[in-house]
2 protein chains.
Amino acid sequence: MKKYGKDITLKQTPQRLAIINFLDGNKNHPTAEDVYRAISRQFPTISLATVYNNLETLKQLGILRELTIDPDKKHFDTDIKPHHHLICKVCRRIVDIDIDFNLNIPDGCKCGFEITGSHIEFYGVCPACRRKGIN
Amino acid sequence: MKKYGKDITLKQTPQRLAIINFLDGNKNHPTAEDVYRAISRQFPTISLATVYNNLETLKQLGILRELTIDPDKKHFDTDIKPHHHLICKVCRRIVDIDIDFNLNIPDGCKCGFEITGSHIEFYGVCPACRRKGIN
DNA sequence: GTACGTGCAAAGGTTTTGCATTACA
DNA sequence: TGTAATGCAAAACCTTTGCACGTAC
């Protein structure tokens, strides 16, 4: 049992440890399928359901963040510090932007909302795709 | 045939006109299902495929924008001017933010990307949900 | 030993596609 | 009349769920 915050404990199964290990420090914003493919090399019998279960659990624990950037599938980010993303419109590669833009909405434009956070998506074309001239 | 930009023309079917009419000026960021339900009242035989086809066509023409804000389904926005969104974490309501934040990333942090646009998602709790105290 | 995790299969939800029919132009 | 759009059904795809079995603790 490993403790995560007060009261929360997780059994340390080999599959779970492999998933956490794969995600730790991973800057590639992998999808569930990406995680599944990577872990399958060590654990050929692991199921996609186990990957999804674990990603959900880790999300609940606040250990990772789900990115709603790609219209087609969810990506996961182990970096839970507030930060933003830069997405290549061509190859869909996602890169971190670690800048605090200090965004503020004037009270009159908040529609009475209580603002709790923000996330910026920058769109562009990455160096590799620019070289290929696909833009 | 109605002209949209150079060369591009669309047949004006009743279903398509109804969809365009429903979307025009609609600030509710509807999903495909929302559009389908609304149009079904006038055209009980319209199919969801037709709605999807038309949304895709209109997106291609640049008449509407697909929002990747909701992890569960796509929303559509007829306002194609650059603007941002404020999302209620509780009821998932989406509200427009028409402010230009003039975001700039220092060249050193761009990873060689050519930046073409940006979109900010603000998260918060809307007045109705605050009153209900679900936060 | 017990609760939790795993793996398989099936189901769920959204979106896309194939194809025959219909209708705009 | 010719081409594009519609509507239906089926498929594709990602994700979730039910359940029996296995395993961490």
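All chains are named by letter (A, B, ...) in the order of the sequence lines, taking the proteins before the strands, and each is independently numbered beginning at 1.
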Tell me which residues in residues 28-46 of chain B put a heavy atom below 4.0 Å from DNA chain C, sorted by number, or none. none

In residues 69-79 of chain B, which ones come under 4.0 Å of DNA chain C, going by heavy atoms? Asp72(B), Lys73(B), Lys74(B)

What's the angle between the local helix axes at either end of the helix from dG1(C)-dC25(D) to dA25(C)-dT1(D), using five pairs per end and rounding to 10 degrees? 30°

Calculate the interatomic distance between [X] atom [atom1] and [N] atom [atom2]; express it in whole Å.
| X | N | atom1 | atom2 | answer |
| --- | --- | --- | --- | --- |
| Leu61(B) | dA5(D) | CG | P | 10 Å |
| Asn54(B) | dA4(D) | CG | C1' | 11 Å |
| Lys11(B) | dT3(D) | NZ | P | 9 Å |
| Leu55(A) | dC14(D) | CG | P | 15 Å |
| Leu10(B) | dA5(D) | CG | P | 7 Å |
| Leu17(B) | dC24(C) | CG | C1' | 11 Å |

By nearest-nucleotide position on DNA chain C, the 5'-leaning member of Leu48(B) and Pro14(B) is Leu48(B)

Does [X] make a side-chain N or O approach to OP1 or OP2 of [N] shorter than 4.0 Å?
| X | N | answer |
| --- | --- | --- |
| Thr50(A) | dG7(C) | yes |
| Gln15(A) | dT23(D) | no |
| Tyr52(B) | dT16(C) | no |

Do the side-chain N and O atoms of His83(B) and Asp98(B) include a donor-acceptor pair separated by under 3.5 angstrom? no

Any base atoms under 4.0 Å from Thr13(A), or only sugar-phosphate, or nothing? Heavy atoms, all strands. sugar-phosphate

Of Arg16(B) and Ala49(A), whose nearest nucleotide on DNA chain D comes first from the 5' end? Arg16(B)

Going by an N to O cut-off under 4.0 Å, is there a salt bridge joining Asp79(A) and Arg65(A)? no

